[in-house]
Protein chains: 2
Amino acid sequence: MIHVNKRSGMESKKKILVAATKVFSDYGYKGASMRMIAGAAGISIGGLYLYFKNKEDLYGTLIRNRLDDLTEETRETLRDIQDPAEAMSTFISMRVKYARKHRELILVLGKEQAITFGLKAKRKFFEDQRRVIEEIVRKGITSGRFRSCDESEVAKIIICALRGFILSMIVEPDALFSHEECSNLILKGILAKK
Amino acid sequence: MIHVNKRSGMESKKKILVAATKVFSDYGYKGASMRMIAGAAGISIGGLYLYFKNKEDLYGTLIRNRLDDLTEETRETLRDIQDPAEAMSTFISMRVKYARKHRELILVLGKEQAITFGLKAKRKFFEDQRRVIEEIVRKGITSGRFRSCDESEVAKIIICALRGFILSMIVEPDALFSHEECSNLILKGILAKK
DNA sequence: GGATAAACTAAACAATGATTCACGTGAACA
DNA sequence: TGTTCACGTGAATCATTGTTTAGTTTATCC
């Protein structure tokens, strides 16, 4: 009774999403055309519309999928790390590594801050990430490892700094710096201990 | 002999640049049309081409002007500050304040990383800024105020963190944090002094 | 006033965009 | 084998784009 064609649609859908990520990251939302995406995916223009309502839908699906993945992966990894300093380092290096690996995604995200449909998913993502950091900082303070501070404020700042690290890493790949140094600065600051 | 029309062109050029900044920041480079810019500037479409060769020229002029201004302003302000910690704080708060005041510019900059003509001016800008920070860090180390570290590496990291602060500030105006806290984290880190 | 040139306009141009639709294709089931 | 339908095509549609151009207004100079 179930009717599944051998030319499985799911495969095409995946091919489209992969191709679209590449094209969007190279040209931005407006700069990427459905023709280009279709070409990159090896499918016809009309074919795109079998799987996505329109350009906006394609873009939104792409963003949502990837961000949800990363959020899940983050929680997973941090689950059994107890030391807050180590958790912080791990969080930072995770995000940096993910960004390096999924360069395209970061470019897409960075490029279209104004497109409203992307914004909601992005906000949710950063909110999630912020909460994770906040929890780490809270633990750090109560355990005496971290200096006393407003954990929510500091969490915000760290998230933002991290965002800058990653953006720069992507935009200027030659101006590289290690994620160890990033962690180090955030943990120790730059003032000499007196 | 000098022939200057009362309908002075310079005024129109300024009006266009102001309007273009707004429109570009709202819609991005591709998303902004010459029609929209003309409308916002209260001028005809053809009028734009009296002052700018084309869309790319208009965009490029806009970026270059603003970035050069900020670089100059930065050097000016830091000239007579001796204490490296104070210089660092001042630098950070300057950039944050500038970003808050010229929200549109930051949005424009953040939006089109891929447009090559904008990129060159931007790279130069960040390079300039990096050198300023590097100098501050170097002074801090030799004077014993800062812990010993690779000044060029740390300068890069601080620039990137700052970029993140500013980007976040612009994208999510509600998730505000003080520039005092930013300086604080960079200067002191988060680990407790032992 | 008449001439000149800068400042400006509006319509037109060719190119390109997203989206639609009438039409093929081939695997699965009867 | 023939019917069905998911899958796929690409020319056509229509809006919008950047840019050009022919023509109009307006301030200055003789």
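Chain identifiers are assigned alphabetically (A, B, ...) following the order of the sequence lines, protein sequences preceding nucleic acid strands; residue numbering begins at 1 within each chain. Predicted model only: the values in this text are computed from it and were never measured.
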* Asked: Do the non-hydrogen side-chain atoms of B/Phe165 and A/Arg163 ever get within less than 4.5 Å of each other?
  -> no
* To do: Report the distance from atom CE of A/Met10 to atom C1' of D/dA6, rounded to the nearest whole Å.
  => 12 Å
* Asked: Quick one: side chain to side chain contact (heavy atoms under 4.5 Å, CB included) partners of B/Arg64, sequence neighbours excluded?
  -> B/Ala121
* Asked: At under 4.0 Å, does any side-chain N or O of A/Ser12 touch on OP1 or OP2 of D/dC7?
  -> no
* To do: Round to a whole Å and report the spacing from CD1 of A/Ile43 to P of D/dA6.
  => 16 Å
* Asked: Please give, in whole Å, the distance from C/dC8 P to B/Leu48 CG?
  -> 11 Å
* Could you list the residues that satisfy side chain to side chain contact (heavy atoms under 4.5 Å, CB included) with B/Ala20, not counting sequence neighbours? => B/Phe24, B/Ile37, B/Leu58, B/Leu62
* Which residues pass the salt bridge (charged side-chain N to carboxylate O under 4.0 Å, His left out) test with B/Lys55, sequence neighbours left out? -> none
* To do: Send over the distance from B/Leu50 CG to D/dT25 P, rounded to a whole Å.
  => 17 Å
* Where along nucleotides 14-21 of chain D does protein come under 4.0 Å, by heavy atom, of base (B) or sugar-phosphate alone (S), with - for untouched nucleotides? -> ---BBBB-
* Pairs touching residues 124-138 of chain B that satisfy salt bridge (charged side-chain N to carboxylate O under 4.0 Å, His left out), sequence neighbours left out -> B/Lys124-B/Asp128, B/Glu127-B/Arg130, B/Glu127-B/Arg131, B/Asp128-B/Arg131, B/Arg130-B/Glu134, B/Glu134-B/Arg138, B/Glu135-B/Arg138, B/Arg138-B/Glu151
* **Protein-nucleotide distance (A/Glu11, atom CD; C/dA27, atom P), rounded to Å** => 14 Å
* Who passes side chain to side chain contact (heavy atoms under 4.5 Å, CB included) against A/Thr90, sequence neighbours left out? -> A/Thr77, A/Leu78, A/Ile81, A/Glu86
